[in-house]
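Encoded as structure tokens, the structure appears first; notes follow it.
Just so we're clear, the structure is a prediction, and the values are computed from it rather than from any experiment. Within every chain, numbering begins at 1; the chains are lettered A, B, ... in the order of the sequence lines, protein sequences first and strands thereafter.
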Number of protein chains: 2
Amino acid sequence: MYTQTEENYLKAIFHLSEISSTGISTNAIAKKMATKPSSVTDMVQKLSEKKVIHYKKYQGVLLTSYGRKIAASIVRKHRLWEVFLVEKLNFSWDEVHEVAEQLEHIKSPKLTNELDTFLGFPKQDPHGDPIPDKEGNYDLLEKKLLATLGLGQSGICVGVNDSSSDFLQFLDKQKIALGYEIKVVGKEPFDGSMQLQISNREFSISNKIANNLYIKILPGS
Amino acid sequence: MYTQTEENYLKAIFHLSEISSTGISTNAIAKKMATKPSSVTDMVQKLSEKKVIHYKKYQGVLLTSYGRKIAASIVRKHRLWEVFLVEKLNFSWDEVHEVAEQLEHIKSPKLTNELDTFLGFPKQDPHGDPIPDKEGNYDLLEKKLLATLGLGQSGICVGVNDSSSDFLQFLDKQKIALGYEIKVVGKEPFDGSMQLQISNREFSISNKIANNLYIKILPGS
DNA sequence: GCCAATTTTTAGGCGTATCTAAAAATTATT
DNA sequence: AATAATTTTTAGATACGCCTAAAAATTGGC
């Protein structure tokens with residue numbers, strides 16, 4: 001069994017591993033965990049003894065396959081709870097993270113799997129991130145600019161390129177927000193503008209807008 | 001903010017207060033928490049500094065009104081989660097406690113209140129214990145012998161007087177179990193036997209049986 | 001390839017929550 | 001009321017997770 005702190009370190013290393021494929025540095029972990037590098041050294045030595053990470057002095061760490069499985073199960077719980085909070089308890093996109101950080105540490109395989117069933121086996125969380133299955137496997141969703149999507153494709157809005165207040169206010173006015181599912185229902189070759197559908201609402205945006213919105217493609221679209 | 005351990009001590013003192021109305025002894029708390037009396041002394045000194053209990057050396061402890069409110073909010077969360085687990089996630093009566101012990105420490109007033117709404121503002125948990133409201137108020141349900149119930153009254157089966165295997169096997173055969181709601185639909189003056197209804201199933205039991213089953217009366221019955 | 005800058009580790013300390021063993025206070029017995 | 005039994009508290013120790021300060025190893029610049 002792992003303490004909440006150990007689980008948080010595993011999760012941090014898991015997320016850092018998704019970016020850099022080399023060994024994860026003590027400093028990188030310290031930054032992510034908002035602690036000091038010396039504390040990280042203490043913890044990675046402990047995690048190494050527990051065989052969940054590979055660690056050699058001064059060489060950074062990597063998850064063992066065992067450690068990766070544990071980390072994935074924590075991420076699975078985190079994202080399932082996020083879906084629950086948004087879909088069943090009227091939480092908004094930006095309120096879920098803090099609570100899910102707590103709920104992800106609840107230890108009960110039955111709870112996790114029944115929750116999964118209750119929610120209808122969702123494949124993505126409200127931010128468009130994939131939910132690992134019981135074995136820890138998940139689909140990597142590709143992040144693209146909205147402008148690159150083809151007709152009929154849909155995805156979840158996950159970020160902006162330009163964060164000027166003009167642009168953010170435009171998004172607000174059009175009721176486009178992170179976490180929304182957007183479907184491309186038309187593309188205008190002449191000016192690159194796009195016809196979009198968000199929850200049965202249709203409207204069009206310019207090419208400039210489409211080049212400033214990041215989207216995660218939903219599989220099978 | 002309180003640590004999980006502090007919350008568990010508060011809850012233990014809260015439950016012990018429901019029984020004995022005098023000061024709660026160090027030993028009683030140690031027994032309930034499965035720790036040593038010396039550990040309890042350490043903790044009650046800390047809780048006393050935080051003004052959640054009244055404590056004078058060698059004289060036991062009592063919750064302050066502030067402490068009682070905090071304890072009630074933990075019990076509220078525990079029991080709401082129990083309802084959730086049983087009604088939404090197919091947990092059985094006896095599986096919920098361990099998981100609820102973890103879930104009760106999640107800190108998010110919005111979560112608690114939305115959960116309450118989602119569940120339709122239940123007044124009892126699956127064991128028939130009352131769920132405190134936001135202010136920490138709750139109805140005390142009276143525990144009675146089934147034999148003392150009047151015609152038309154109903155309650156939740158919460159315990160047995162006689163735990164001989166003969167008696168427990170009888171309950172099993174009749175499909176009577178803790179947590180079940182029982183309604184009295186007939187009383188026979190001649191031999192004191194009773195006609196019961198459990199989830200649309202009707203059958204009768206002898207007076208001897210009725211004198212060995214504890215029931216919590218549901219308000220308004 | 002050497003020296004400086006950076007990163008990482010070690011050493012020693014702190015607060016929490018626990019324990020055991022022993023001392024102090026209370027309660028019960030005669 | 002004095003002593004015995006019990007309860008409670010204190011004292012000192014341990015594991016966890018964190019810190020600061022200093023030492024050691026690695027990396028980068030010239």
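- For A:Glu49 and D:dC16, the CD to C1' distance is 13 Å, given to the nearest whole Å.
- Atom pair A:Glu6:CD and D:dA15:C1' shows a separation of 12 Å (rounding to whole Å applied).
- No more than 12 heavy atoms of other residues, nucleotides or ligands sit less than 6.0 Å from atom NZ of B:Lys175.
- Taking the six-membered ring where the residue is Trp, A:Trp81 and B:Trp81 present perpendicular rings, their angle passing 60° and hence far from 30°.
- An OP1 or OP2 oxygen of C:dT6 is reached within less than 4.0 angstrom by no side-chain nitrogen or oxygen of A:Asn27.
- Going from atom NZ of A:Lys31 over to atom P of C:dT7 covers 11 Å, rounded to whole Å.
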Donor-acceptor pairs are to be reported for all side-chain atoms of residues 53-60 of chain A against protein atoms at under 3.5 Å, with residues two or more places apart or in another chain.
none

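- Comparing C:dT8, D:dT9, D:dC18 by their nearest atom to the side chain of A:Thr5 picks out D:dC18.
- Shown here is B:Lys50, whose NZ atom has more than 12 heavy atoms of other residues, nucleotides or ligands within 6.0 Å.
- Shown here are the salt bridge (charged side-chain N to carboxylate O under 4.0 Å, His left out) partners of A:Lys32, two or more places apart in sequence or in another chain: there are none.
- Atom pair A:Ile29:CD1 and C:dT7:P shows a separation of 14 Å (rounding to whole Å applied).
- Using bins of under 30°, 30° to 60° and over 60° for the plane-to-plane angle, the ring pair B:Phe118/B:Phe84 lands in the tilted bin.
- Applying the 4.0 Å criterion to OP1 and OP2 of C:dT16, one finds that B:Tyr2 has every side-chain N and O outside that range.
- Between the NZ atom of B:Lys56 and the C1' atom of D:dT9 there is a distance of 17 Å, rounded to whole Å.
- OP1 or OP2 of D:dC18 has at least one side-chain nitrogen or oxygen of A:Tyr9 nearer than 4.0 Å.
- Under the 3.5 Å distance criterion, the side-chain polar atoms of B:Lys77 are matched with a main-chain donor or acceptor of B:Ile106.
- Taking atom CE on B:Met1 and atom P on C:dG15, their separation rounds to 22 Å, with Å as the unit.
- Between the CD atom of B:Gln45 and the P atom of C:dG15 there is a distance of 17 Å, rounded to whole Å.
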Using a cut-off of 4.0 Å between protein heavy atoms and nucleotide atoms, how would you tag nucleotides 19-26 of chain D 5' to 3' with B, S and -?
BBB--BSS
